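Below is one structure, written out as structure tokens; comments come after it.
All values reported here derive from a predicted model rather than from experimental measurement. The residues of the chain are indexed from 1 along the displayed sequence.
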Amino acid sequence: MGLDSSSNATGGLSREKQRLSHPPRFSPGIPQGEGGPEILPIRIADVCARKTDIPGRIWLDSESVRVSCLSAVRSAAVRAAAVFSAAVFSAAVFSAAVFSAAVFSAAVFSAAIFLSGCLKQGGQGQVPPSAPSEGQVSPSGARSDSVVTILHVSDYHSHAVPFYSEGEPGSAGLARAVGYLRPFAKRSDALVFSGGDTMNAGSPSFSDKHRCADWPMWNGILDAMALGNHDADYGPEVFASCRQTITYPILSANTVGPGGNRPFSVDGKDYLVFSRSGVRIGVFALAGADFERLVPPERRPVPGAAFGDPLAAAREIVSALREREKVAAVVLIGHSLWQDDRELARKVPGIDLILGSHSHRKEELTRIEGTKTWMISPAQYLTHVSKVELRFSAGTLSSVTGSLIRMGASVREDPAVAARVRKMQEELIEDPRFRGLLATIGTALTELGTTGQFEKDGGLANLALDEARGVTGAHAAFSTASAFREPIPPGPVSEESLRAALPYPNRLLLFRVPGRTIEQLLVQSVARAGTDAFSQVSGIRFRIESGRPREIRVLRDPGDERSFEPLQAESVYEIAVTDFQARVAEGYRELLRELPATDTGWELRQALKRRIQKGPVEASPDGRISP
């Protein structure tokens with residue numbers, strides 16, 4: 001199965017794993033570092049001298065530091081007073097000693113004043129700013145002006161090997177993400193999460209060959225992972241074996257097993273509470289509302305599992321975290337569509353931060369309008385890491401800042417993970433089962449790109465859908481942008497790179513519909529602009545104005561690219577639509593599910609492959625969708 005739960009499977013990166021007969025229990029309040037956290041004693045002299053920049057140190061409770069420092073100051077003051085009294089008494093008897101005693105007592109008293117410096121900033125025992133856990137200590141133990149750093153990756157889909165992304169070859173890759181995140185995992189003021197979707201049956205071949213062999217490489221780095229809809233792509237038995245190799249918990253609050261058991265609860269709770277920088281952070285994950293449609297019974301993480309209402313689960317958990325656990329912040333780590341996350345934030349107050357996933361959307365930190373909830377989305381395939389800083393004042397969240405960190409070629413790789421990934425890729429190349437996928441099928445003269453495809457037409461989609469319309473003889477063709485996952489770089493094109501770009505076959509269904517149905521499909525598409533549910537098209541041209549499709553034109557003759565004419569509401573047109581969009585995608589399936597369809601026998605990826613094999617290809621946006 002490509003599983004190796006020994007220490008060798010991690011490239012020597014995580015602590016030696018024990019063989020477990022059940023999923024491990026966790027202690028969220030303690031970072032799960034290599035070999036356990038490094039707990040070092042804090043000397044009062046180090047604190048007051050600000051010698052607090054020791055990497056990887058787990059700082060003791062700041063209240064104990066303050067009390068210890070206070071005791072030291074008091075002791076020093078007592079000693080100084082005693083020495084001073086002795087000096088005065090000696091002066092009465094031995095006047096020649098007065099000067100020496102005064103000098104000595106002044107020196108001791110000065111030392112006491114120096115020690116008391118750690119109490120004078122804010123008057124409440126502030127731990128020096130250079131310490132990993134910043135801020136003042138309040139009577140409740142929560143520090144003011146403390147910061148917790150949240151880091152998040154999502155929708156990795158087995159892209160372990162660096163690849164071409166955003167015009168840059170050799171970017172992203174597992175070793176680069178691990179290299180960036182490992183230092184944060186050693187800090188007591190940081191939390192690192194995965195939004196799920198770590199595997200992907202069928203593409204890339206790295207997933208089919210090695211499956212979850214890279215899961216243990218995240219041991220000691222991830223604090224928790226959300227269950228994604230692809231994480232059990234190889235069935236419940238493989239998923240259970242994978243789960244035995246990791247030391248971090250998998251969360252999914254609304255995934256329910258037979259008999260109502262909760263397969264992803266930890267110590268009887270559907271959430272985790274972490275203590276960082278003296279504040280409590282509540283964390284949970286949800287299976288998206290589309291999991292029931294996307295995850296067939298044979299690919300559920302637990303046999304007989306069902307996915308409950310995410311909204312009801314979120315309400316219950318946020319209430320428990322706020323009222324019972326008394327957390328200072330609530331964080332949702334995945335795994336729902338972008339639009340569903342936004343709707344959840346509006347209907348369930350009390351979520352401070354949503355770490356976007358599932359929609360593969362690249363979005364900088366923004367506040368969801370009409371709410372107090374912030375959201376950030378790191379795109380896909382480890383091309384970006386979300387980094388957010390939660391700042392607290394007296395235990396209350398006061399500000400949220402952050403940005404996406406590009407995992408470009410300049411980011412240093414973790415050497416051990418890089419070596420392990422290279423070896424795994426070599427094993428893949430040598431495996432005769434996958435050798436054919438690496439053969440060249442054609443040449444791209446330019447990048448076949450995906451840039452902008454969530455708001456307008458994209459180059460790769462234009463090329464693929466033009467061919468799809470051609471092989472089916474349709475007036476128009478439709479596919480959600482989610483079908484086109486990454487660009488194809490210029491140069492030789494292999495079957496593997498084609499599958500990376502279009503990881504799902506997506507059969508083409510042919511419908512005969514009136515023009516008003518085409519308009520309704522476009523209305524649904526424009527309403528989803530900014531997400532991967534936005535439609536890419538062929539044989540249609542229109543512009544977007546005030547959130548509506550305008551000036552829609554359609555080919556009158558499918559064989560004549562010059563025959564565009566205004567869409568006629570009552571005229572009948574043949575349209576080719578991917579089975580995913582027609583039968584699964586929300587908003588579209590409702591329009592088409594009652595209509596008869598013909599299976600054309602073509603797949604979208606197959607049509608694009610045919611075009612690439614014909615000869616060198618190039619593609620670019622041509623304005624068929626004008627925002």
Side-chain angles (χ1 to χ4, degrees), residues 157-173 199-210 380-381 383 424-451 453 457-474 477 479-508 536 538 576 578-580 599-622:
H157 291 272
S158 285
H159 280 64
V161 180
F163 62 99
Y164 180 91
S165 173
E166 297 186 4
E168 180 184 23
S171 63
M199 291 184 283
N200 201 89
S203 177
S205 52
F206 192 96
S207 182
D208 289 342
K209 170 69 174 176
H210 298 294
Q380 60 184 11
Y381 306 162
T383 54
M424 295 168 76
Q425 184 66 3
E426 290 169 1
E427 294 169 357
L428 170 66
I429 293 171
E430 294 170 0
D431 190 328
R433 294 176 299 166
F434 303 101
R435 196 168 295 153
L437 295 176
L438 305 177
T440 298
I441 61 173
T443 302
L445 299 177
T446 61
E447 174 187 287
L448 311 181
T450 57
T451 302
Q453 67 176 11
D457 59 300
L460 176 62
N462 287 354
L463 181 67
L465 287 171
D466 284 352
E467 190 67 16
R469 183 176 54 79
V471 299
T472 60
S479 172
T480 57
S482 61
F484 311 100
R485 289 301 177 88
E486 65 178 75
I488 295 177
V493 179
S494 67
E495 178 75 20
E496 175 82 333
S497 58
L498 172 64
R499 293 192 179 200
L502 280 73
Y504 312 112
N506 289 332
R507 296 186 72 81
L508 294 169
Q536 292 293 301
S538 174
T578 63
D579 56 352
F580 173 80
D599 188 333
T600 65
W602 281 93
E603 296 173 348
L604 180 61
R605 189 169 66 197
Q606 178 188 11
L608 178 58
K609 179 177 179 179
R610 186 182 105 141
R611 176 64 189 88
I612 293 172
Q613 289 176 324
K614 285 181 181 178
V617 293
E618 55 186 330
S620 62
D622 60 14

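- Taking both residues in full, the closest heavy atoms of G459 and A619 are given as O-CB, 3.3 Å, listed atom of the first, atom of the second, then distance.
- Distance check, rounded to the nearest 0.5 Å: CD of E486 to NE2 of H159 gives 4.0 Å.
- By the side chain to side chain contact (heavy atoms under 4.5 Å, CB included) test, A483 pairs with S479, N506, L604, sequence neighbours left out.
- Looking only at side-chain heavy atoms (C-beta outward), P489 and E447 stay at 4.5 Å or farther from each other.
- Here S158 contributes atom OG and H210 contributes atom NE2; the two are 9.5 Å apart, rounded to the nearest 0.5 Å.
- A side-chain donor-acceptor contact under 3.5 Å links Q380 to the backbone of R485.
- A distance of 12.0 Å separates OG in S620 from CG in L460, rounded to the nearest 0.5 Å.
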Run the numbers on Q425 and L428 for side chain to side chain contact (heavy atoms under 4.5 Å, CB included), then give the verdict. CA-CA 5 Å; Q425 184 66 3; L428 170 66; 3.3 Å; yes
Table please: side-chain donor-acceptor pairs of residues 439-446 below 3.5 Å, with sequence neighbours left out.
none

Apply side chain to side chain contact (heavy atoms under 4.5 Å, CB included) to residues D599 and D579 and explain how you reach the verdict. CA-CA 9 Å; D599 188 333; D579 56 352; over 6 Å; no
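- Taking 4.5 Å as the limit, every side-chain heavy atom of L438 sits out of range of all side-chain heavy atoms of S494.
- Listed by chain and residue number, T472, L508, L510, W602 satisfy the side chain to side chain contact (heavy atoms under 4.5 Å, CB included) test with T600 (two or more places apart in sequence, or in another chain).
- A side-chain donor-acceptor contact under 3.5 Å links S203 to the backbone of R499.
- Residue pairs meeting the side chain to side chain donor-acceptor pair (under 3.5 Å) criterion with at least one partner in residues 607-619, sequence neighbours excluded, are E467-R610, E467-K614, E495-K609.
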S497/Y164 under side chain to side chain contact (heavy atoms under 4.5 Å, CB included): CA gap, chis, key distance, verdict: CA-CA 10 Å; S497 58; Y164 180 91; over 6 Å; no
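- Listed by chain and number, the residues in a side chain to side chain contact (heavy atoms under 4.5 Å, CB included) with A477 are L465, R469, S538, A576 (sequence neighbours excluded).
- A pairwise comparison of heavy atoms in D457 and D622 identifies OD2-N, 2.8 Å as the closest pair.
- F163 contributes atom CZ, which lies 10.5 Å from atom CD of E168 (distance to the nearest 0.5 angstrom).
- Rounded to the nearest 0.5 Å, atoms OG1 (T450) and CD (E166) are 8.5 Å apart.
- The shortest distance between side-chain heavy atoms of E496 and P204 falls below 4.5 Å.
- Distance alone, capped at 3.5 Å, is enough to place a donor-acceptor pair between the Q536 side chain and the Q453 backbone.
- Residues Y381 and S171 fail the side-chain proximity criterion, which asks for heavy atoms closer than 4.5 Å.
- Contact between S207 and A201 at its shortest, heavy atoms only, is OG-N, 4.1 Å.
- Of all non-hydrogen atoms in G167 and P169, the two that sit nearest each other are O-CD, 3.8 Å.
- Taken to the nearest 0.5 Å, the CG atom of L448 stands 6.5 Å off from the CD1 atom of I612.
- Qualifying ring pair (Phe, Tyr, Trp, His ring centres under 6.0 Å) partners for Y504, counting only residues two or more places apart in sequence or in other chains: H230.
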